[in-house]
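What follows is a single structure, and I will ask about it in a moment.
Chain naming here is simple, since letters A, B, ... match the order of the sequence lines and numbering starts at 1 in each. Please read these numbers as outputs of a predicted model, since none were measured by experiment.
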Number of protein chains: 2
Amino acid sequence: MRDSDRTVIRALALFREIAEAEFDRLIEGAFLQRFPMHVVLINEGEHADFLHIIVEGVVELFARYEARETTIEILQPVTTFIPAAVVRDDVYLKSARTLAPSRILMIPATNVREMFGRDPVFARAVVDEVALRYRRLVRALKDQKLRTGAERLANWILETDRQQGSRGRVSMPYEKRTLSALLGMTPENLSRTLASLTAHGISGNGREILISDRDALLRCARPDPLIDGPE
Amino acid sequence: MRDSDRTVIRALALFREIAEAEFDRLIEGAFLQRFPMHVVLINEGEHADFLHIIVEGVVELFARYEARETTIEILQPVTTFIPAAVVRDDVYLKSARTLAPSRILMIPATNVREMFGRDPVFARAVVDEVALRYRRLVRALKDQKLRTGAERLANWILETDRQQGSRGRVSMPYEKRTLSALLGMTPENLSRTLASLTAHGISGNGREILISDRDALLRCARPDPLIDGPE
DNA sequence: CGTGGGGTTGATACAGTTCAAGATACGTGG
DNA sequence: CCACGTATCTTGAACTGTATCAACCCCACG
């Protein structure tokens, strides 16, 4: 593992506070691997043998049922997945694939569980992490059940703009079909909804969306700190 | 607190393994309170000052956005809520209300966090609990995004029957309007969907549903261990 | 009895999906 | 570097699922 990689991983909330020796022991047996785009890293139903950490790239968490598929979450560096399955020593409930060439650190699940029992500082960090994920998911479920497609899209634009520095220019980090699955709609529907938002403060071509009238967009989106919060 | 209450709470996965003295210290300053039906216990947005435990009754976790409201989860004894907000020392993202006369144990959040740092056994139990909840929520989101209303209802019937001892006779523990919110549909729609399932193995009057042809219902529901699992 | 809330039923409207065709962008190989 | 082929995206039309609005029924409860 490169020194620069070690540094960014060490900076994760999960590892920031733990002692140097503990960290070394944890990542013993871990390996950092490079994956091309569109590679499946995890299949739902498999037993959780590794805690994955996305060091570089983009990873989609998705799930299937019958012939249908939906996106649960899209992860960018630096983030762990999927901590809950590792903690409970159970099967994954979601699959994961790369959406861009990515570098993934894989830590053996046994290391994580073993260290959890040994280091209270790490234990504290793991709970924080899982609780954070839980809350993110609550937000996603509220978004899904309480809003229309247009509202979800409008709020996604605002939130993504914020994450990208509030420049009023959002660039989609993945395909539109993926975004549509994340927002819980079909690609056709996303296309139409995007077109209809043109009358409410945005304009776009390709993977670029410009926020030309933020107030109009806000009137559409009506963001809520208990759904779209900065967490 | 009654001795019998102490026993059931102590039997919770969260508290089962911890030492007697630690348990005493944890529930110091806690209080067990009786609430009538339809009382709001938690308002989303409030800071999480207590870990609640439902000892008796039924509690609904719900959320609002604009004029809309939806149910996130319905809890029956013995369960904690809402651990993630307590762990992160943050605001609740969901509200909670009783759906039946209930007895609720309220443990000061500071006790929980303080003990977490002191007792690794308890720490382990808390992570397990939060991770379990996380996974339940993943299942709920998959249910919501990947299935139609009729499928959700059919699976709810099968799952509830299982929880009630697989007697082929399901009794709804709450109003139909609540069930409809849990399943993400309107009351009218639930009524119609329930009627339509009559042709697929169920019959019902009032709050009783009889499974007359389980195979037919299974063909409708097509349950999936990664969505409807026993967790 | 009357009253009110939950539940059902019907008619209508809308959001979202599906199917199909056309346009555009993109990577690949010549 | 261009031409080609494929996949993505867009647009249109028909259809399905679900929501909304309104009337009505029924039972519980005062």
Which residues share a salt bridge (Lys or Arg N to Asp or Glu O under 4.0 Å) with A:R68, sequence neighbours left out: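 A:R68 satisfies salt bridge (Lys or Arg N to Asp or Glu O under 4.0 Å) with B:E151 once adjacent residues are dropped.
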Among residues 197-210 of chain B, which contact DNA chain D at a heavy-atom distance under 4.0 Å?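 Correct list: empty, so none.
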Summarise protein proximity over nucleotides 18-23 of chain D in one line of letters, 5' to 3': B for base, S for sugar-phosphate only, - for none, counting protein heavy atoms closer than 4.0 Å. SSBB--
Just jot down the side chain to side chain donor-acceptor pair (under 3.5 Å) partners of A:R147, sequence neighbours excluded, or say none.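 Expected list: A:D143, A:D228, B:Y65.
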Going 5' to 3' on DNA chain C, which nucleotide is the first and which the last to come under 4.0 Å of a heavy atom in chain B?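 Using the under 4.0 Å cut-off, the span is C:dG6 to C:dA11.
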Treat primed atoms plus P, OP1 and OP2 as sugar-phosphate and everything else as base, then score nucleotides 24-30 of chain D 5' to 3': B for base contact with protein heavy atoms under 4.0 Å, S for sugar-phosphate contact only, - for none. -------
For the helix from C:dC1-D:dG30 to C:dG30-D:dC1, what angle separates the axis at the start from the axis at the finish, each from five pairs, in steps of 10°?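 Roughly 40°, once rounded to the nearest ten degrees.
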Which pairs pass side chain to side chain donor-acceptor pair (under 3.5 Å) with one or both residues in residues 203-221 of chain A, sequence neighbours excluded?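 Matches after skipping sequence neighbours: A:D161-A:R214.
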Using whole Å, report how far CG of A:L179 lies from C1' of D:dT8.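 Distance check: A:L179 CG to D:dT8 C1' gives 14 Å.
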Using whole Å, report how far CG of A:L153 lies from P of D:dC9.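 So the CG-P distance, A:L153 to D:dC9, works out to 14 Å.
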What pairs meet the side chain to side chain donor-acceptor pair (under 3.5 Å) rule with one or both residues in residues 49-62 of chain A, with sequence neighbours excluded?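 Every pair satisfying side chain to side chain donor-acceptor pair (under 3.5 Å) with a residue in residues 49-62 of chain A: A:H47-A:D49, A:E56-A:R103, A:E60-A:T71, A:E60-A:R97.
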Please set out all donor-acceptor pairs under 3.5 angstrom arising from side-chain atoms of residues 173-183 of chain A, sequence neighbours excluded.
unit_1	atom_1	unit_2	atom_2	d
A:K176	NZ	A:G206	O	3.3
A:S180	OG	A:R177	O	2.6

Validation: residues 188-202 of chain A side-chain donor-acceptor distances under 3.5 Å, sequence neighbours left out:
unit_1	atom_1	unit_2	atom_2	d
A:T193	OG1	A:N189	O	2.7
A:S196	OG	A:T193	O	2.8
A:T198	OG1	A:A195	O	3.1

List for me each residue that meets salt bridge (Lys or Arg N to Asp or Glu O under 4.0 Å) alongside B:R6, sequence neighbours excluded, and say none if there are none.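 Residues passing salt bridge (Lys or Arg N to Asp or Glu O under 4.0 Å) with B:R6: B:E20, B:D24.
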